[in-house]
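Source: prediction; values computed, not measured. All values below come from the heavy atoms of this structure, side chains included, with hydrogens, waters and symmetry mates left out. The sequence lines fix the lettering, A, B, ..., with proteins before strands; numbering per chain opens at 1.
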Amino acid sequence: MGVSCQTFFVSNYELGATLSSGQAFRWRPSDSGGWRGVVGRRWVRLTQTSGAILAETPLPCSDWDWLVDYLQLRIDLDLVLATFPDEPPMRAATDACRGLRLLRQDPWECLASFILSSTKQIVQIQQIVDVLCNCFGSRIPTLEKDREAFSFPDAGRLAQADETELRACKMGFRAPYLLGTARAVANGDIDLAKLGYLPIEEARAQLMELPGVGRKIADCVLLFAYGFQKAFPVDVWILRALKSLYFPRRKLKIVRVHAFATSHFGPYGGYAQQYLFHHMRLALPGRRSKHQASQRVAPTI
DNA sequence: GCCCAGGTGAAGC
DNA sequence: GCTTCACATGGG
């Protein structure tokens with residue numbers, strides 16, 4: 001009935017890397033070879049061909065701005081890459097994957113997802129988000145038979161849940177954090193729609209008022225949802241990498257790392273961070289032996 | 001069984 | 001102030 005599809009011509013866009021690089025958690029490889037996911041209340045299938053991305057959605061669609069914005073198709077990546085520091089680690093990361101992009105996600109979904117991310121592997125975050133959407137989201141139409149999909153539950157819906165229901169979604173100790181934040185958003189203690197217009201420091205401070213949101217998760221939301229491209233999330237992997245690359249054998253305070261990162265990686269530090277993060281992760285999935293896992297050393301970059 | 005995972009908040013010095 | 005620890009759950 002209302003099926004819509006659209007082709008977007010792109011260059012330097014690695015769709016798979018972008019959708020699976022740990023910034024969004026609702027994309028899976030599709031049976032047909034592309035990627036299936038949910039953006040807002042739309043199920044979408046994206047397929048990359050040479051020089052283009054094909055988008056298919058079961059709902060009628062005449063205006064594709066929502067997807068152009070989500071995929072950040074108008075970004076001139078070369079301009080971004082040119083601002084990176086010219087040094088071996090960055091070159092290695094950009095050589096390994098030219099075309100990794102930052103998405104522009106819905107702030108609430110991004111915030112809630114990253115609250116669930118703490119001390120979880122990306123695969124597990126995906127699983128938790130899946131269960132959460134199945135339990136609390138609304139069913140939406142798909143283009144794949146026998147595969148149902150659900151929207152990401154809004155803050156108001158989760159605010160009505162109780163902690164036990166959330167824990168049933170396998171999120172463990174994160175349940176009270178998500179619940180508290182959902183209630184703060186739902187009752188207007190914080191206005192997510194306004195954060196994007198604030199200076200980054202103020203937006204970050206407001207996010208960090210929320211339960212379960214510290215510096216790292218706040219930076220993820222600033223970067224992946226609001227497009228503050230200077231935001232530089234420092235997780236365990238980035239921390240190890242920066243230590244071994246720039247501060248070998250020195251005890252390091254985290255504030256020092258943030259100061260270094262913001263000055264060293266330039267105005268698109270968030271992009272640089274994502275390239276470094278993705279590059280490190282490339283050496284990981286499935287290839288990680290018990291021996292390597294116990295070494296506590298950042299992969300060589 | 002053990003260690004780790006895109007951390008945070010609270011308790012202990 | 002800074003350091004240490006608990007917090008659920010699942011994978012390697």
Query - A:His258: ring pair (Phe, Tyr, Trp, His ring centres under 6.0 Å) partners, not counting sequence neighbours - result: none
Requested in this report: Please list residues of residues 208-236 of chain A whose heavy atoms come under 4.0 Å from any atom in DNA chain C, ordered by number; otherwise none.
Outcome: none
N/O donor-acceptor pairs under 3.5 Å from side chains in residues 178-194 of chain A, not counting sequence neighbours:
residue, atom, partner, partner atom, Å
A:Thr181, OG1, A:Tyr177, O, 3.3
A:Thr181, OG1, A:Pro211, O, 3.0
A:Arg183, NE, A:Ala159, O, 3.2
A:Arg183, NH2, A:Ala161, O, 3.3
A:Asn187, OD1, A:Asp189, N, 3.0
A:Asn187, ND2, A:Arg183, O, 3.2
A:Asp191, OD1, A:Ala193, N, 3.0

Query raised in the report: Is A:Arg256 atom CZ crowded by more than 12 heavy atoms from other residues, nucleotides or ligands, each under 6.0 Å away?
Result: no
Report summary line: From CG of A:Leu239 across to C1' of B:dC4 the rounded distance in Å is 15 Å
Query raised in the report: When all nucleic acid strands are considered with a 4.0 Å heavy-atom cut-off, which category describes A:Ser113: base, sugar-phosphate, or nothing?
Result: nothing
Query raised in the report: Counting only non-hydrogen atoms, which of residues 100-109 of chain A are less than 4.0 Å from DNA chain C?
Result: none
Report summary line: Scoring nucleotides 3-9 of chain C by protein non-hydrogen atoms under 4.0 Å (B base, S sugar-phosphate only, - none) yields S---BBB
Requested in this report: Please work out if A:Gln274 contacts a base, only the sugar-phosphate, or nothing of the nucleic acid, heavy-atom cut-off 4.0 Å.
Outcome: base
Requested in this report: Flag the pair A:Asp130 and A:Arg28 as a salt bridge only when some basic side-chain nitrogen lies within less than 4.0 angstrom of an acidic carboxylate oxygen.
Outcome: yes
Query raised in the report: When the P atoms of B:dA11 and C:dA8 are considered, how many whole Å apart are they?
Result: 15 Å
Report summary line: Excluding A:Val68, membership of its hydrophobic cluster (Ile, Leu, Val, Met, Phe, Trp, Tyr; side-chain heavy atoms within less than 4.5 Å) reads A:Phe8, A:Val10, A:Tyr13, A:Leu15, A:Leu19, A:Trp27, A:Trp35, A:Val39, A:Val44, A:Leu46, A:Ile53, A:Trp64, A:Trp66, A:Leu67, A:Tyr70, A:Leu71, A:Leu73, A:Leu103
